[in-house]
2 protein chains.
Amino acid sequence: MQPDQEITLLLQKAGLRPTAQRLALARVLFDGSDKHVSAESLHEGVNAAGGRVSLATVYNTLHQFKAAGLLREVAIEGDRSFYDTNTSNHFHLYDVEEGTLLDVDHEQLKISGLPALPKGQVIDRVDVIVRVKRR
Amino acid sequence: MQPDQEITLLLQKAGLRPTAQRLALARVLFDGSDKHVSAESLHEGVNAAGGRVSLATVYNTLHQFKAAGLLREVAIEGDRSFYDTNTSNHFHLYDVEEGTLLDVDHEQLKISGLPALPKGQVIDRVDVIVRVKRR
DNA sequence: TTACATGCAAACTGTTTGCAAATAT
DNA sequence: ATATTTGCAAACAGTTTGCATGTAA
């Protein structure tokens, strides 16, 4: 768990006012361990931790944190969006049956032979999802 | 455009009755060129082609075609699902600004150093999305 | 004739938004 | 004081479902 002062600073550097709700959410999200959350799971998490944050604010805050580069959205097929507190270069291991997500350090995995891009285009980033299942 | 007979056979091999609606959808989808469709775009496409298929049936049929291995769902962050008529091993180039999707042949792109999998797990497949933007 | 497929409209889920009240600066 | 943030509830988009009708085998 990070001291509140650091979290406050984190928000201020992102140009976000350190309100009670954003602090509560940031405390849950940025406790030092990498996390993958949905709006719903974060909402439950923060309220379980004693916070009092409406679901609408959770959505707003996820967007703001994403825009500020504090979170990364992960593209998983399906109905809900996932956000990753690990914003560094890495890939994902996705358990198709469980619906769970694990990080894979990008040191381990290498990609070569990226195609020529349409002119005027540049790579934003490369998402790799290793889909695994039982058997 | 494939002859109707082949399309009928395609459906029958998948254990799907070749109804008028499924034929109309399959004709649009499997015309020989690789496509990425959403339920909405396919619905428009089939009706523009003279078909008469309700949106609910488009959804049902997309699921059935996916289950039968005729289509693959592509994980793109966002509100709607995309289906790919190219079910072979390949990757995607995703234009973040336009929301458009291009295939990348997997011969071109190589991945090495896949992590050790949790025991009892096996790779279902690897999704790679090269996100590009202008600049 | 019988099991399966379709269309419609209603239901549902995740997400977004308008606005009045509350809060940070 | 003022601009931003919040919560609520209503709106919304995409998707799914129940059921009566239609169709393939």
Side-chain angles (χ1 to χ4, degrees), chain A residues 4-5 7-28 36-47 50-68 70-71 73-83 99 101, chain B residues 4-5 7-29 36-47 50-68 70-71 73-83 99:
Chain A
D4 271 23
Q5 204 175 4
I7 297 189
T8 300
L9 217 71
L10 193 77
L11 294 178
Q12 286 174 333
K13 279 200 288 188
L16 298 170
R17 290 184 180 173
T19 64
Q21 292 81 347
R22 296 213 268 234
L23 283 169
L25 291 168
R27 251 183 252 118
V28 172
H36 304 103
V37 304
S38 64
E40 198 59 57
S41 75
L42 179 58
H43 186 227
E44 286 167 16
V46 74
N47 287 331
R52 219 154 306 212
V53 185
S54 78
L55 187 54
T57 297
V58 172
Y59 276 105
N60 291 337
T61 305
L62 283 173
H63 291 160
Q64 293 157 351
F65 284 7
K66 177 189 173 186
L70 301 175
L71 292 175
E73 190 169 1
V74 184
I76 296 291
E77 76 191 39
D79 36 12
R80 62 187 77 187
S81 295
F82 285 90
Y83 292 85
L101 209 52
Chain B
D4 270 24
Q5 205 175 3
I7 297 188
T8 301
L9 217 72
L10 193 77
L11 294 179
Q12 286 175 334
K13 279 201 288 190
L16 299 169
R17 291 184 179 174
T19 65
Q21 291 82 347
R22 287 182 185 152
L23 283 170
L25 291 167
R27 250 182 251 119
V28 172
L29 286 169
H36 304 102
V37 303
S38 63
E40 198 59 57
S41 76
L42 179 57
H43 186 228
E44 286 168 15
V46 73
N47 286 332
R52 219 154 305 213
V53 185
S54 79
L55 187 54
T57 297
V58 171
Y59 276 105
N60 291 336
T61 305
L62 283 172
H63 292 160
Q64 293 157 350
F65 284 8
K66 177 189 174 185
L70 301 177
L71 292 176
E73 190 168 1
V74 185
I76 296 293
E77 75 193 38
D79 38 10
R80 63 186 76 188
S81 296
F82 284 91
Y83 292 86

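Naming: A, B, ... by sequence-line order, numbering from 1 per chain. Nothing here was measured: the structure is a model prediction, and the numbers come from that model.
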Once you round it to whole Å, what is the distance between C1' of D:dG7 and CG of A:Asn47? 12 Å

Of the options C:dT15, C:dA24, D:dT15, whose atoms approach the side-chain atoms of A:Arg17 most closely? C:dA24

Are A:Leu16 and A:Gln64 packed together at the side-chain level, in the sense that at least one heavy-atom pair is separated by less than 4.5 angstrom? yes

Using the side-chain contact (heavy atoms from CB on, under 4.5 Å) rule, pick out the option among A:Thr8, A:Leu10, A:Leu9 that qualifies with A:Pro18. A:Thr8

Euclidean distance, atom CZ of residue A:Arg22 to atom P of D:dT4 [Å, nearest integer]: 11 Å

Worked check of side chain to side chain contact (heavy atoms under 4.5 Å, CB included) between B:Leu11 and B:Phe65: CA-CA 9 Å; B:Leu11 294 179; B:Phe65 284 8; 3.6 Å; yes

Using 0.5 Å steps for rounding, measure from the CD atom of A:Gln12 to the CZ atom of A:Arg17. 11.0 Å

The answer to which of A:Ala56 and B:Gln64 contacts DNA chain C further toward the 5' end, by nearest nucleotide, is B:Gln64

C:dA11 P sits how many Å from B:Tyr59 OH, rounded? 18 Å

Could you state the CZ-P distance from B:Arg80 to D:dG14, rounded to the nearest angstrom? 5 Å

Using atom CG of A:Leu16 as one end and atom P of D:dT4 as the other, report the distance to the nearest whole Å. 12 Å

Please give, in whole Å, the distance from D:dA11 P to B:Asp79 CG? 21 Å

Classify A:Ser81 by what it touches in the nucleic acid, base, sugar-phosphate, or nothing, heavy-atom distance under 4.0 Å. sugar-phosphate

Measure the spacing between CD of B:Glu73 and CZ of B:Phe82 and express it to the nearest 0.5 Å. 11.0 Å

Would you kindly give the CZ-to-C1' distance between B:Arg52 and D:dG22, to the nearest whole Å? 16 Å

In whole angstrom, what separates A:Gln12's CD from C:dT25's P? 6 Å

Select one nucleotide: of D:dA25, D:dG7, C:dT15, the one nearest the side-chain heavy atoms of A:Leu55. C:dT15

Using a cut-off of strictly less than 4.0 Å, decide whether B:Gln21 has a side-chain nitrogen or oxygen near OP1 or OP2 of C:dA5. no

DNA chain D nearest-nucleotide lookup for A:Thr61 and B:Ala20: closer to the 5′ end is A:Thr61

What nucleotide, of C:dG7, D:dA24, C:dG14, holds the atom closest to the side chain of B:Thr57? C:dG7

Hey, does A:His63 reach any base, or is it just sugar-phosphate, or nothing, if we go heavy atoms under 4.0 Å? sugar-phosphate

Quick one: is A:Thr19 getting a side-chain N or O under 4.0 Å of the D:dT6 phosphate, OP1 or OP2? yes

